[in-house]
Peer 1: 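Below: one structure in structure tokens.
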Amino acid sequence: MSNGNDRWSALKGDSQGSDGGRRYGGYSKQYNRKGYGSRQSSGSESRYNSWDRYQVKTEDGEVLRGSQGSSDRRYSNRVIETKPRWSRFSDNQKDRAARGDEPQVLRKDLDVGDGKGELNPFTGRSFSRNYYRLLELRKKLPIYNHRDEVLKIVGENKFVVLVGDTGSGKTTQVPQILSMKYGKENNKLIACTQPRRIAAVTVAQRVAEEMDVRLGDEVGYSIRYEDETSSRTILKYCTDGLLLRESVTDPLFSKYSMIIIDEAHERTISTDILMGMLKQVVFEREDFRLVVMSATLDAEKLQKYFNNAPLISIPGRMYPVEIKYLEEPVEDYLQATIEAISQIHKEEPAGDILVFLNGEDEISTAVKDLEESLGSVPGEGHPSGVHVLPLFSSLPSNAIQKVFEDPPKNKRKIVIATNVAETSITIDGIVYVVDPGFSKQKVYNPRNRVESLQVAPVSAASAVQRSGRAGRTRAGVTYRLYTEDAFEGLTAMTYPEILRSNLNSVVLQLRTLSMNPVEFDFLDPPPPETVMRALECLLYLGALDQTGQVTKFGKAMSVFPLDPELSRTLLAAPELGVAQEVLAIVAMVSAAPNCFVRPLNKAREADQAKRRFEAEESDHLTLLNVYTEYMIHNNSSQQWCWENFLNERALQSAAKAKEQLERLLEQQGYSTKSKRIGFDYYGQSIAIRKAIAQGNFMFSAVECKRATYLTTKDNVEVKLHPSSGVRTRPTWLIYNELVITTKAFIRTVTQVEGGWLLESSPNYFTPDHFTNDIVSYEIAKLTGERKKSRSAMNTNLRQAY
DNA sequence: CTCTCCCT
């Protein structure tokens with residue numbers, strides 16, 4: 001396959017039908033680093049190739065390789081001034097008088113507290129000096145003069161939509177203002193959701209400081225594995241996914257008097273589902289309010305969705321940001337990024353740089369490159385060189401914290417981030433933003449209903465958000481590493497995640513709450529077929545019965561923060577006597593999918609190290625071996641992980657996940673102890689692999705020719721991924737994911753017996769269920785054998801009596 | 001013969 005097509009190979013799979021799901025990814029083999037808007041080197045006719053639209057069609061257009069010293073030619077200067085957008089509800093005294101709706105006077109002790117010498121209503125102590133310092137800054141935020149309006153409109157309505165541009169202060173101030181008034185109402189608290197963990201934590205820290213309270217007291221945060229709240233908490237920042245999870249145990253969100261959904265424009269799947277659920281809660285609960293905050297102009301759609309909710313519009317306040325575009329597309333955006341940074345460092349005045357790249361790998365490489373090439377190279381205003389820091393979600397919290405700290409004296413801070421840095425967080429000192437214009441996104445192919453992760457051009461909304469990061473503390477510059485024409489060609493908004501995702505888990509959750517997923521009030525309804533496929537899958541898993549009601553088993557499945565397949569695997573384990581082992585495996589698969597580190601220059605050593613953990617019949621068991629050894633070496637884990645080419649962060653998160661899953665399993669009344677007595681190695685291996693088969697039978701593959709398998713679900717011819725340690729050449733396999741890169745590969749596989757699959761779901765494994773002859777034949781062989789053995793058993797029985 | 005944004 002030629003290079004231009006590799007990226008899209010995932011979209012041209014010949015599979016007949018599948019709901020794909022998390023395990024069906026397509027990642028480009030060669031990391032095609034062509035800059036956004038550049039010409040593709042070979043024809044890519046695929047009609048799913050969203051780049052087609054952005055290609056520069058002229059054949060004679062010279063593609064400039066970025067080079068130093070040609071900056072004047074490469075960048076076109078164009079200053080885009082940020083125009084304040086006027087609030088629909090002007091805060092002008094005259095206007096208010098004319099409308100006759102003078103805002104109510106607030107109770108003084110609940111006001112934000114302007115007067116010096118006042119006591120903090122929460123701590124009873126006088127405010128600190130820092131409080132007054134921050135208060136001065138808060139007064140400058142556009143939202144400050146809209147406090148009364150926010151309180152009034154929220155007071156009079158149960159739905160409110162609030163739109164505020166970057167720098168309006170909505171994320172920190174609106175929840176704060178509202179918690180002053182509603183935070184103690186009926187002993188309930190206010191929650192404010194964020195799409196990202198880092199945002200939830202850093203915003204909570206900031207707001208606690210502004211309110212002069214200790215983090216975790218009146219203001220706290222809650223993200224998976226970390227709950228910094230207490231009985232005193234009146235305002236809780238949390239991730240949208242976490243709040244959605246809470247609905248499983250508390251469908252009416254009875255802990256909360258108000259929920260504020262922030263960054264609704266990001267349209268994460270969790271935010272979309274929450275909006276639908278909370279809309280219902282508003283009707284069912286007298287004492288509940290919903291505020292939806294968004295950054296874009298798409299407010300009308302939200303207003304309409306929430307029964308013509310009133311709109312509060314807050315202008316942004318930013319320092320001017322100059323946008324520079326490339327005049328010609330670049331050949332290699334990574335190289336162009338490095339060069340742009342180098343140029344900024346050497347030629348532009350003092351100020352830190354924020355760079356958007358696509359993944360841990362890319363970021364780590366860039367950090368290393370820049371430390372080497374610019375680490376101690378003096379630049380304008382920074383005589384000691386640069387201080388480069390990575391930022392992505394899976395970093396440990398102390399590494400994330402570093403990003404917000406001052407760099408060493410006389411060094412220029414360079415933060416290289418994924419799109420975690422796109423919204424909500426403010427890194428002081430950032431003056432320059434370098435934006436190659438890409439992000440890694442889930443992509444959905446409607447033809448074969450396949451979900452995959454791809455590097456794709458960002459939406460214009462994202463690009464604007466990114467450039468906004470440059471003007472937070474003073475005037476800044478954004479370097480877009482693509483042409484202005486290319487910018488014009490970007491899609492306006494990011495396509496909602498719910499329209500490009502597998503809905504198995506979501507549909508189970510909705511059914512558990514007795515909601516009809518087909519009639520659910522989605523802001524953007526997913527295709528009905530995706531919902532039907534989810535229902536079908538849940539039926540086979542035994543989570544739903546024939547009438548679509550949630551079974552007792554399905555109810556138990558819905559409690560786990562896992563895909564339904566993995567929940568069922570987990571629930572099958574105690575009876576098989578291998579709860580501990582399966583807990584570890586499920587934790588590894590869901591929380592540490594890529595725990596093996598394989599640096600290219602040490603590939604052989606890394607492979608050798610991995611081999612020590614390998615089980616020849618199962619990669620899942622290999623993961624279990626890694627986990628077990630890791631726990632044994634827990635007190636020297638850093639050293640041990642390094643020596644064994646393992647990603648310590650990944651293993652730490654697997655350990656936390658296992659703890660959480662174990663607690664939940666116990667709460668469901670299952671024993672989490674393993675029965676080791678009576679097991680030899682193979683007995684244990686079989687029990688574990690049976691549990692894996694019970695949940696993952698839809699991710700099964702059968703050998704069709706030498707070293708080649710056919711997936712049962714969608715008849716894709718696949719090979720074992722070269723990273724697999726399975727050497728037994730089994731007839732039947734379970735795979736954790738299917739990736740299509742240079743070839744179609746199944747990754748993380750386990751040998752199973754066909755009979756186990758049949759036992760797992762007899763109504764799924766019927767020969768006529770499958771369109772492929774080979775699959776049907778193999779299944780017929782199984783069912784045939786089963787019938788045979790049953791009649792043999794009857795003969796035996798007859799003989800016995 | 002190879003490699004994944006975010007979130008529960």
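Reckoned from all heavy atoms, side chains included, excluding hydrogens, waters and symmetry mates. We name chains A, B, ... by the order of the sequence lines, and we start the count at 1 in each one.
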Peer 1: Kindly point out which of B/dC7, B/dT8, B/dC3 is positioned nearest to the side chain of A/Arg224?
Peer 2: B/dT8
Peer 1: Between A/Gln509 and A/Ser247, is any side-chain donor less than 3.5 angstrom from a side-chain acceptor?
Peer 2: yes
Peer 1: Can you find a side chain N or O atom of A/Ser270 that sits less than 4.0 Å from OP1 or OP2 on B/dT8?
Peer 2: no
Peer 1: Contact class for A/Asp607 vs. all strands (heavy atom < 4.0 Å): base, sugar-phosphate, or nothing?
Peer 2: base
Peer 1: Would you say A/Ser393 reaches B/dC7's phosphate, i.e. side-chain N/O to OP1/OP2 under 4.0 Å?
Peer 2: yes
Peer 1: For A/Leu508 and B/dT8, give me the distance from atom CG to atom C1', rounded to whole Å.
Peer 2: 13 Å
Peer 1: Measure the distance from CZ on A/Phe645 to C1' on B/dT2 and round it to the nearest whole Å.
Peer 2: 16 Å
Peer 1: Can you tell me the distance, in whole Å, between the CG atom of A/Asp227 and the P atom of B/dT8?
Peer 2: 12 Å
Peer 1: Please work out if A/Pro195 contacts a base, only the sugar-phosphate, or nothing of the nucleic acid, heavy-atom cut-off 4.0 Å.
Peer 2: sugar-phosphate
Peer 1: For a quick test of reading the model: is some side-chain N or O of A/Thr741 closer than 4.0 Å to OP1 or OP2 of B/dC3?
Peer 2: yes
Peer 1: Nearest whole angstrom, please: distance from the P of B/dC6 to the CZ of A/Arg649.
Peer 2: 10 Å
Peer 1: Quickly work out the A/Leu391 CG to B/dC6 C1' distance and round it to whole Å.
Peer 2: 13 Å
Peer 1: Report the distance from atom CG of A/Asp619 to atom C1' of B/dT2, rounded to the nearest whole Å.
Peer 2: 13 Å
Peer 1: Which nucleotide sits closest to the side chain of A/Pro722: B/dT8, B/dC6, B/dC1?
Peer 2: B/dC1
Peer 1: Determine the contact category for A/Phe560: base if any of its heavy atoms lies under 4.0 Å from a base atom, sugar-phosphate if only primed atoms, P, OP1 or OP2 are that close, otherwise nothing.
Peer 2: nothing
Peer 1: So A/Arg197, base contact, sugar-phosphate only, or nothing? Heavy-atom distance under 4.0 Å.
Peer 2: sugar-phosphate
Peer 1: Over how many whole Å does the gap from A/Gln194 atom CD to B/dT8 atom P extend?
Peer 2: 12 Å
Peer 1: Between the side chains of A/Asp227 and A/Ser222, is a donor N or O closer than 3.5 angstrom to an acceptor N or O?
Peer 2: yes
Peer 1: Indicate whether any N or O donor in one side chain lies under 3.5 Å from an N or O acceptor in the other, for A/Thr569 and A/Asn696.
Peer 2: yes
Peer 1: NA contact type, A/Leu242, heavy-atom cut-off 4.0 Å: base, sugar-phosphate, or nothing?
Peer 2: sugar-phosphate
Peer 1: Which part of the nucleic acid does A/Glu266 contact within heavy-atom distance under 4.0 Å: base, sugar-phosphate only, or nothing?
Peer 2: nothing
Peer 1: When rounded to the nearest 0.5 angstrom, what is the spacing between SG in A/Cys641 and CZ in A/Arg649?
Peer 2: 11.0 Å
Peer 1: Looking for any heavy atom pair under 4.0 Å, which part of the strands does A/Thr239 touch: base, sugar-phosphate only, or nothing?
Peer 2: sugar-phosphate
Peer 1: DNA chain B: A/Gln660 or A/Gln441, which has the more 5' nearest nucleotide?
Peer 2: A/Gln441
Peer 1: From the set B/dC1, B/dC3, B/dT8, return the single nucleotide nearest to any side-chain atom of A/Lys743.
Peer 2: B/dC1
Peer 1: Does atom CG of A/Asp361 have more than 12 heavy-atom neighbours from other groups under 6.0 Å away?
Peer 2: no
Peer 1: Could you state the atom-to-atom distance from CG of A/Asn594 to P of B/dC6 in whole Å?
Peer 2: 11 Å
Peer 1: Just how far is it from atom CD of A/Gln668 to atom CG of A/Leu570, taken to the nearest 0.5 Å?
Peer 2: 10.0 Å
